[in-house]
Every structure is written in structure tokens, then in C-alpha cells.
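Each chain gets a letter, A, B and so on, in the order the sequences are listed, and its residues count up from 1.
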Amino acid sequence: MRKRVRIALTGNPNVGKTTLFNALTGSRQHVGNWPGVTVEKKTGRINRNGYDIEIVDLPGTYSLTAYSADEIVARDFILEEKPDVVVQVVDATNLERNLYLTTQLAELGAPVVIALNMADAAEARGDAIDRERLSAFLEIPVVRTVGTRGDGIGDLLDAAIREVKTSPHHKHAVCYGAEVEAMIASLVDALAIDRALTARYPRRWLAVKLLEGDENVLARVREGPASIHVQNLLSSIDVDGYEASMADKRYEAIAAILPQVHRTDTRGATFSDMVDRVVTNRYLGIPIFLALMWGAFELTFTVATPFMTVIDTLVAWLAGFATGSIEPAWLGSLIGDGIVSGVGAVLIFLPNIFILFLILAILEDSGYLARAAFIMDRPLHALGLPGKAFIPMLIGFGCNVPAIMATRSIEGEKDRLIAILVNPFMSCSARLPVYVLFAGAFFEARAGGVIFFLYVLGIVVAVVSAKLFRSTILRGESSPFIMEMPPYRLPTATTSLRHMWSRGSLYLRKAGTVILFGAMIVWLLASLPYGVEYGSEGSLAGSIGHLVEPLVAPLGFDWKVAVALIFGFLAKEVVVGSLGVLYGTGEESLSGALFADPNLSAATALALMVFALLYMPCVATLGVIRKETGSWRWTGFAIAYGLAVAWLLAFAVGHLAPVFTGGV
Amino acid sequence: MGGVYPLAFLVAGTEATIADIRGGREMRVRLSGMGLCPEARVTIRSANQGSVIVAVGDARYALSRGIAAKILIRETQETV
């Protein structure tokens, strides 16, 4: 029978856990050069020497005391699931800080193996680490790995398997000095009566965590029989002083080992430091950021244009061909008017989407993303958002679903809730087709400016909403900013292109599933009841549209737009897909058909774009809001608030626009 | 000099030793995990109206003014 082994990958943020996980399991989990990429545990399987090994990749954490949702995931897995071996991935270029977590894992009595990762980078700059001596001092196996090349993964697995077979496990404790140790001893005695707790965790570890004020451990002790005695002990001492000296002793213990195992040159300012002097400069920081954003925007639209024209022509030809030549006629209509026009209307924007994701990948891989969060902390803080919320906001330009997941690294609960609620206003890639279609049809030369306005509007609505929530339903200060700045890395073409593909291909898959499904439903509704003129007011689609029309009539939307908006709830691209189906354009392009519709003016088009940007989040986004807030109330709030804001702003824009555009 | 200042007052290039960290225990335990604890040697890499990028060993942390004001340091050496 095969023996099963479960290995957890833990370590500080941005040390390469997921890169190593991908190398170990052959997975393609998303990686990036900023702390907080992984916010949920990911599992993979592999066989080696007759062992069935399950590998669990955890979010990064600096210690076993957790402060944010992603750190809680990591801590709970190690404490509660008790994996057979904990592989701590250590950044070889930053040994001291990384070993702090090692001391905590050792105190917990967890079987640990160290993967000395990024060993190539450490060696390249002249560091020499004596792994055998390090291993002997720590009583922990140390394996050299380079995750990006897959070096050392076989050795790592072998060391982990050996560690499972080794029992009992060694106890390597930091000595905290006479005074603290006396207190630890008293707490250890006091805890003895709480059998349930001490059966699960080492008493010394519990005592240390109590002295550090770990809320999680404190709460568990309070539930048990040792509660009163422990609280009396804790109230008898100056806990603050203890905790400071304990951290000090841990680093002292590390500092005692390091010079014996680690040779390194003293280093001055690095390349990254020099870049940061410019990029985070008081006067240059924000202008540089804005210039980069403008450049990204320009690239997304200008580079894509020729590709779009090609796809557009192809789709129109194919739709016309299918409708005209496929027998029976209803099948031709389903394929031509329904599938090709609906899905094709969305596929036209594939070039924009891929370029957008490439830019986001470059931002993530270069290390600039963390700087952008830092630069924006000050202006955002004034509006009640922590700077850390800025990373999810930028990711939201791609898709709100991973963006809302990324809010897990935000520490304060209210901060995180606000960041989740405002994220859907960040204009995701699914809304881009709506803009390009309508801006192109009605604004021609000014299309670029109109689209830029919509992106800015999304950001403005997000920050104004944050300010509003902060001063009404979610009062309080946003938490102060602290984030590790990863070293800058030149993104390689292969990794950035791969990231682009992995996210962009989701869009393609969506086109083949949700959007295809939406297009077919709309086609069916537009064709029934039998014998009705396709896409006319007498069809089922017309009836549904007319039902909702009174609600959106003040915005200038007719029944076709109403139907498109209803189905846009599935995914916002479906707004475009549905219109493609309803207008059943044949060889004429959809934008031409829209322009020719007497019910649509430039002002209505603008109102429609504003509405599509802001109205309720799509199904997938609502799902992730529900999951991350754990509350239907907040999910319902996100829908109601989005609809209200969208309606009001679309109304305002629709009525004000003619004033500016001279009554177009 | 020998005085004790908030980290937020320092200019880029200054080397210093952390003397004390004010503020709640939770914040201090958290900073300890990142290597920011008393007696740690830090270098200011970039300073901007109180918010700083600080080097501790080979790690770089960006801190907003709110935190940088709570970390008290002793200057050890002035470069630049």
C-alpha cells in the first residue's frame, strides 16, 4: 500500500513558495513579484519512492501570529491540519528575517525542512551559506533550491520523507532569559490542567504565544479550565516588556548562528534602492505613476486596433455567410445571428484584453505594483482607504474576481470590507467591449477620451464610495501602511506572456461558455414565439424588455438595451453579445447598426456606458463578494448600491451630455 | 548625537538603531516578525514627508508616516 504524506509549504511573503510549488507539482498557479499573490491554499499531488505526496501551498506569513485573512489561512493550516512535514521556504538572500519564522515553527514542534530558495541569487552576489552547519545548529534539514529552474526539488522531497520517518521530533527552543523563562515555566504549569488544549499543542509554545498576546491562543485558553490561573499570571507582569525582550532573544539566537554559517559582504544601496529614490520621490512618484497608467491605456487601445479590424471583418463575414447559406433557415439564424454575432461581438475585443493582461503581468512581475500601493497610500488614506487596497484596485482593471480575493492581505476588517465593496467599480476587462463598441460608434475621433473618462469615473466612484462608507456605515481610521518592497526584477518575455495567456485564456473560455450560453438564450427569446419576426418587439425578448423598460426609460434606454443589461448580469461582455444577437446584423457591423438605430443618440450611448460600468457586479463577482464577506447582507448591499449609483449617474450623464455636445 | 527620534524624521541615507517601538503590542509583535524590533539596525533608503522605505538586512519595507512616527531610533552614523 502506498503511504500518504502531506507537506505544507510555508514561509515569508514573496520568497518563491508558489514558484517552488509549481516546480514540485507541475501546476501553473499564479505567481508574481509582490507580497500577497497567494491568498488561498492550493493543493497538488506527486508520487515519489512509493509515497503518495500531497503538497499544500500556503499564503506567506511573517510569523504564526496572524493579522490578515491570508495569514489566518496559513496559520490555521499549520496549527489545525497538522501536516506531516512543514517545508519552510526561505529566501537565501534574506536569511535573518526568514529564520524568525523558523524559530516559531520549531517552538511549535512541527517537523520542519528548510528549502533554501533563490540560492542562485544569493550565490551570484557572493554570499556563501554553509548549509550543513546551519542544519546542525537548527536541527533541521536544509536543502538548496532554485524554484524558477526546479533545482533541488528531488532532494527536498527526499528530505521531507526522511523527516516524516524520524520520530520523536527534536525540540529546539530559543532561551528567553531567566525572568521570561520563569514566567514561561509558571504558565506551562498553569496550562497543565487544560488537557484538551495541551494534547494538541506543546505547552511551552502556548505559554510563549500567551506572552506575545496572541489573541487566538488567548481566546482558546479562556474557554478552558486554566483560564483564571493564566489570566492572573498575565496580569501580574508587564507583558509589553516581556514581549519586546522575547523578540530580541529570538533575533539574538539567530544572530548567534548566522556569522558561523553565512558569509556575506556588507552592501550599500542596491539598484532597487536607487530606482526607489526616483519612483517613490515626493514630487516624481505620482506623476510617474500617472504617466505609466496613461501609457498602459494608450497601448491597450492603439496597438489592438488593427487586430480588431481584422477580427471584426471576419466575424461579420462569417455571420452573413451562416445566416445566408445554412439550411434550414432557423439553424442558419441560430448560428449566424445567435452564436457568431453574439460570441463574435465579444471576441473582437480579444486583442485589447490580451494587451491589458500583458501590462498587468509586467506590473506584477517587475515589482512596481508594491511601489504603486506605497505611493498611493497617502492620497487614499485621506479618503479612508488603506494603500494596500490599491493593488486589488489595479488588478480589478483585469477582473474583479481575483481582485476581491487579493483584498485578503488587507489587515483591518473594515478596511477589507470597504476595499471589497468598491472594487466592482474598477472597470474590468469585461466592460471594455461595451465602451469600445459604443464609443467607436458614436464618438469616432473622441472615442479615446470617452473611454478614458469611463475608467476615471470608475476610480472616482470607488474612492468617493470609500469615503462615504468610511464616514457612515464603516466608521474608523484606515490602518497604517506597511509592506515589504520586493527587489525589482526585469520581467522575462516568457513569464509575462505566460501570465497574460493564463488570465487572457479565461476570457476566451468565458466566450465559449457563459457568453455563448447568454447569446443562445437571447437568440431563443428573440425568435419565439414561433413565427414572430426575428428580434422584433413581438418576440419574448421584446416582452421582457418592455417589462423592464419603464425602469430604464428615464435613462433613454429602449427594450433592446434593457434586455442586454439584464443578461449582462451573467457577465458584462454579454451586454455586447446580446446586442449583437438582437440586432442580428448580418454583414453590417454591429457598431454601424447601433449608430443607425434612431432610438440611440450619443447621449444615450454615454449613459449606457456609465450604467454598464457601475450597475450591479456580475454573477462571478457577486459570488466572490458573498464568499469573502461571508454575508448575504453585504452582497445584497453591493447590488443595491451599484444599481442606485449607476442609475443616478447614468441619468445625470444622459441629461447633461447634450449640453456639452451641443445636443447631439 | 545620541538622541532618540521617530524614524519619520530621518532623511534618506541615515543609518540608525531601533530604540523602541510605541503603539500597541499587536503592532510590535507584527513588526518583530518582519525584523523591525529594538536593537535592529536600519537604513533609510527613501524618505518622503514622513513615509519611508527602510532597509533591515536585505529586506525593504515601505512604512507610512503613521508607523514611522511610532518607531523610535538612535542615530548610529550619518552617511550621504
Contact class of [X] relative to chain B, heavy atoms under 4.5 angstrom:
| X | value |
| --- | --- |
| A:E96 | neither |
| A:N281 | backbone |
| A:L258 | neither |
| A:L101 | neither |
| A:E215 | neither |

Please step through salt bridge (charged side-chain N to carboxylate O under 4.0 Å, His left out) for the pair A:D276 and B:R45, ending with a clear verdict. CA-CA 8 Å; A:D276 278 341; B:R45 292 298 184 194; over 6 Å; no
Worked check of salt bridge (charged side-chain N to carboxylate O under 4.0 Å, His left out) between A:R125 and B:D58: CA-CA 12 Å; A:R125 67 175 200 192; B:D58 287 300; 3.1 Å; yes
For B:I21, which atoms come within 4.5 Å of any heavy atom of chain A: side chain, backbone, both, or neither? neither
[atom2] on [Y] to [atom1] on [X], rounded to 0.5 Å:
| X | Y | atom1 | atom2 | answer |
| --- | --- | --- | --- | --- |
| A:M483 | B:Y61 | CE | OH | 12.5 Å |
| A:K249 | B:C37 | NZ | SG | 12.5 Å |
| B:I53 | A:R277 | CD1 | CZ | 10.5 Å |
| A:D273 | B:S46 | CG | OG | 9.0 Å |
| A:E71 | B:R30 | CD | CZ | 7.0 Å |

Minimal non-hydrogen separation, B:L63 against A:I482, with atom names: CD2-CD1, 3.3 Å
Heavy atoms only: give me the nearest B:A59-A:E484 pair and the separation to one decimal. CB-OE2, 3.8 Å
Neighbour count >12 (heavy atoms, 6.0 Å) for atom CD, A:E252: yes
What residue in B:E39, B:M27, B:R65 has the most heavy-atom pairs under 4.5 Å with chain A? B:R65
Contact between B:S51 and A:F374 at the side-chain level, heavy atoms closer than 4.5 Å - yes or no? yes
Is there a donor-acceptor pair under 3.5 Å between the side chain of A:R378 and the backbone N or O of B:Q49? yes
Whether the side chain of A:Y251 engages the backbone of B:S32 through a donor-acceptor N/O pair (distance < 3.5 Å, no angle test) should be reported. yes
Best-contacting candidate, A:Y67, A:Y100, A:Y283, against chain B by heavy atom pairs under 4.5 angstrom: A:Y67
